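Please read the structure below before turning to the comments.
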Amino acid sequence: MPITDRRTLLQTAVALPLATAGATGMAFADASAVAPAAPAKSAPTKGVTRALAHYLVSASYDDLPANVRKEGVRTLLNWVGVAIGGSRHQTVDIAVAALTPFSGPQQASLFGRRERFDIMNAAFINGVSSHIFDYDDTHLKTIIHPAGPVASAILALSEMQPVSGKDFLNALVLGVETECRIGNSVYPNHYDVGWHITGTAGVFGSAAAVGKLLKLNEQQMVWALGLAASQPVGLRESFGSMNKSFNPGRAASNGIFAAMLASKNFTSSDEMIEAKRGWANTISTKQDYNEILGDLGKRYEAALNTYKPFACGIVMHPAIDAAIQLRNENKLTADQIDHVDLKVHPLVLELTGKKTPHEGLEGKFSIYHAVAVALVEGAGGEKQFSDRAVNDPTIVALRGKVNPVITPGIKPEQVDMTVVLKDGRQLHRYIEHAVGSVEVPMTDQQLEAKFTDLADGIIAPPTIRRVMDACWNVENLPNAAEIAKMSVSA
């Protein structure tokens with residue numbers, strides 16, 4: 001089954017996001033964000049890699065503010081859920097079959113499966129699994145999906161060597177912080193020319209987190225970051241294919257590779273991020289190094305992570321949110337609806353204008369399907385973007401009555417929806433910030449419901465509860481590997 005271009009939606013759709021570095025809410029940038037930005041430079045231009053390495057080596061769990069720790073735990077819970085949920089997808093089956101003959105010692109678990117692989121191949125496959133549904137976490141300022149490269153790597157490592165829950169959470173937050181700050185420094189120019197930023201920045205997060213758990217010294221961490229810089233992975237041309245989820249998986253394993261080599265004093269340049277022919281200058285026309293070093297240990301990008309309530313790109317989330325609210329409040333059924341009008345930003349039709357999807361993954365790029373299925377089923381999870389859903393006769397008929405109209409003044413994160421009923425009534429809903437944004441975050445209970453839905457049928461219900469409890473309680477675990485070991489198929 002071909003995998004449709006589901007991420008052009010999320011990546012460019014969310015590529016609009018968040019305007020300010022210190023924002024506490026999901027604020028999409030205006031339409032100009034999708035155009036190449038003017039080149040930007042910032043001081044310092046030397047010592048960036050070393051200053052970052054110094055911070056990573058010295059930062060401790062006790063330094064983390066309570067809200068950052070909590071968001072790190074929520075990041076972990078969400079990631080484990082999507083990794084289990086994607087574990088039976090054909091993409092993962094193919095990866096397992098292809099790599100089994102070459103996998104080394106059975107060191108680490110594959111989430112939602114019975115096989116065990118060496119840590120680098122396990123990290124790769126778990127990274128693929130967690131990304132395949134486009135349901136993973138999102139740092140909206142950069143559209144990086146932070147947990148895939150980082151959690152995949154350090155959970156695998158925790159099965160090879162003991163890692164306390166506190167050390168694990170500290171490494172997770174530091175890895176997320178590293179990749180998002182580095183992503184900030186080159187976004188959006190880097191993304192606009194075609195790089196998949198989750199892979200290209202994610203490798204730094206993986207290397208930093210693994211390096212932290214390996215207790216690298218400052219020079220070794222410099223080398224780990226340098227070796228990570230030599231392994232950028234992911235092009236946007238891959239969107240719509242299995243190659244798309246390959247990218248965070250490969251970033252995870254590449255980060256392990258970099259940190260392991262550095263731990264044995266495999267050297268690199270000391271300025272691989274900022275040098276004239278280093279990473280930032282080679283892959284982007286924008287380099288803002290203050291985004292990497294500014295307020296380290298005070299401003300946390302990791303605290304801005306968000307989680308998707310709907311299994312599609314964020315540009316459609318406001319419309320799904322509005323449709324579900326109107327359906328539930330008015331107990332709507334499809335046969336009551338004459339037509340649905342919605343005022344949208346131009347990106348909605350640019351990215352999700354497919355009127356007649358035939359496969360579930362195509363449905364992730366159809367605003368027509370998204371609204372119709374939300375009105376019919378009152379949900380927008382993975383089941384609503386399945387082959388079954390896009391070919392359901394009731395949904396197919398209703399999506400022909402959905403009329404999105406590009407409207408000046410409507411921002412990408414907004415929608416203005418009117419459902420016109422056959423009896424003449426008009427039901428209206430305006431969404432300024434959809435559920436799942438930083439302004440309207442998913443609650444812990446909603447994250448658990450999402451986890452349960454994803455894991456259903458893959459691991460037993462009592463095990464689902466135990467895994468979630470272990471994630472919530474990660475800081476008190478003697479070894480974080482417990483989470484991986486209990487997240488496998490019986």
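Since the structure is predicted, the reported quantities are computational estimates derived from the model, not experimental observations. Heavy atoms only: backbone and side chains are in, while hydrogens, waters and symmetry mates are out.
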For the aromatic rings, using the six-membered ring if either is Trp, is the centroid distance between His369 and Phe385 under 6.0 Å?
yes

Give a yes or no on whether the backbone of Asp288 and the side-chain of Ser185 come within a donor-acceptor separation of less than 3.5 Å.
no

If we ignore angles and hydrogens, is there a donor and acceptor under 3.5 Å between the side chains of Asp118 and Gln106?
no

Check Asp295 with Arg181, please: is the shortest side-chain N to carboxylate O separation under 4.0 Å?
no

Per the salt bridge (charged side-chain N to carboxylate O under 4.0 Å, His left out) rule, which among Lys364, Arg388, Lys450 passes with Glu382?
Lys364

Would you sort out whether Glu475 and Tyr61 count as a side chain to side chain donor-acceptor pair (under 3.5 Å), showing the intermediate values?
CA-CA 10 Å; Glu475 294 161 280; Tyr61 168 84; 2.6 Å; yes

Examine the side chains of Glu448 and Trp472 and answer whether a donor and an acceptor come within less than 3.5 Å of each other.
yes

In Å and rounded to the nearest 0.5 Å, what is the CG to CD distance from Leu52 to Glu218?
10.5 Å

Are Tyr135 and Trp79 close enough that their ring centers fall under 6.0 Å?
no

Side chain of Gln231, backbone of Thr200: donor and acceptor closer than 3.5 Å?
no

Cut-off 3.5 Å, side chains only: do Ser238 and Asn247 have a donor facing an acceptor?
yes

Is Arg250 close enough and on-axis enough to Phe257, meaning under 6.0 Å and within 45°, for cation-pi?
no

Do Gln220 side-chain atoms and Asn217 backbone N/O form a donor-acceptor pair below 3.5 Å?
yes

Donor-acceptor contact present, side-chain Asn121 to main-chain Phe117, <3.5 Å
no

Taking atom types as modelled, is there a side-chain donor on Asn78 or Asp137 under 3.5 Å from an acceptor on the other?
no

In terms of ring plane angle, is the pair His196 and Phe239 parallel, tilted or perpendicular, where the classes change at 30° and 60°?
perpendicular

Side chains of Arg116 and Leu110: closer than 4.5 Å at any heavy-atom pair?
no

Would you tell me whether Asn189 and Asp192 have side-chain atoms, one donor and one acceptor, within less than 3.5 Å of each other?
no

Please report the interatomic distance SG(Cys471) to CE(Met486), rounded to the nearest 0.5 Å.
8.5 Å

Does the pair Ile94 and Met242 meet the rule for a side-chain contact (heavy atoms from CB on, under 4.5 Å), with working shown?
CA-CA 10 Å; Ile94 290 170; Met242 294 179 183; 3.4 Å; yes

Donor-acceptor pair, distance only, cut-off 3.5 Å: does the side chain of Asp134 make one with the backbone of Ala311?
no

Under 3.5 Å side-chain donor-acceptor pair for His131 and Lys244
yes

Can you tell me how far the CG atom of Leu454 sits from the OG atom of Ser130, to the nearest 0.5 Å?
11.5 Å

Roughly how far, to the nearest 0.5 Å, is CD1 of Ile292 from OG1 of Thr178?
9.5 Å

CG of Asn184 to NE2 of His139: how many Å apart, nearest 0.5 Å?
5.0 Å

Will you find, in the side chains of Ser129 and His89, an N or O donor that is under 3.5 Å from an N or O acceptor?
no

Does a side-chain heavy-atom distance below 4.5 Å link Thr138 with Ile144?
no

Under 3.5 Å side-chain donor-acceptor pair for Arg88 and Ser489:
yes

Let me know which of Gln219, Glu274, Glu271 forms a side-chain hydrogen bond (donor to acceptor under 3.5 Å, both in side chains) with Arg50.
Gln219

I'd like to know if the side chain of Asp63 reaches the main chain of Ser60, judged simply by a donor and an acceptor atom lying under 3.5 Å from each other, with no hydrogens or angles considered.
yes

Are Glu377 and Lys383 within salt-bridge range, i.e. N to O under 4.0 Å?
no

In terms of side-chain heavy atoms, does Ser109 have a donor or acceptor partner in Glu159 at a distance below 3.5 Å?
yes

Does the side chain of His433 come under 3.5 Å of the side chain of Glu413 through a donor N or O and an acceptor N or O?
no

Any side-chain donor-acceptor pair under 3.5 Å between Asp167 and Asn170?
no

Check ion pair Asp444-Lys70 (N to O, under 4.0 angstrom)
yes

Pair Glu71, Tyr307: side-chain N/O donor-acceptor within cut-off below 3.5 Å:
yes

Please indicate whether Phe266 has more than 12 foreign heavy atoms, meaning atoms of other residues, nucleotides or ligands, lying under 6.0 Å from its CZ.
no

For Gly363, is there any backbone N or O sitting under 3.5 Å from a side-chain donor or acceptor partner on Ser366?
no

Can you tell me how far CD1 of Ile197 sits from OH of Tyr191, rounded to the nearest 0.5 angstrom?
9.0 Å

Go through it in stages, so that I can follow the logic: the residues are Val96 and Val92, the test is side-chain contact (heavy atoms from CB on, under 4.5 Å), and I'd like the CA-CA distance, side-chain angles, deciding distance and then a yes or no.
CA-CA 6 Å; Val96 169; Val92 180; 4.2 Å; yes

Side-chain donor/acceptor of Ser284 to backbone N/O of Ala280, under 3.5 Å:
no

Quick one: does Asp321's side chain have a donor or acceptor within less than 3.5 Å of a partner on Val435's backbone?
yes

Using modelled atom types only, decide if a donor and an acceptor are shared between the side chain of Ser87 and the backbone of Ile84 within a distance under 3.5 Å.
yes

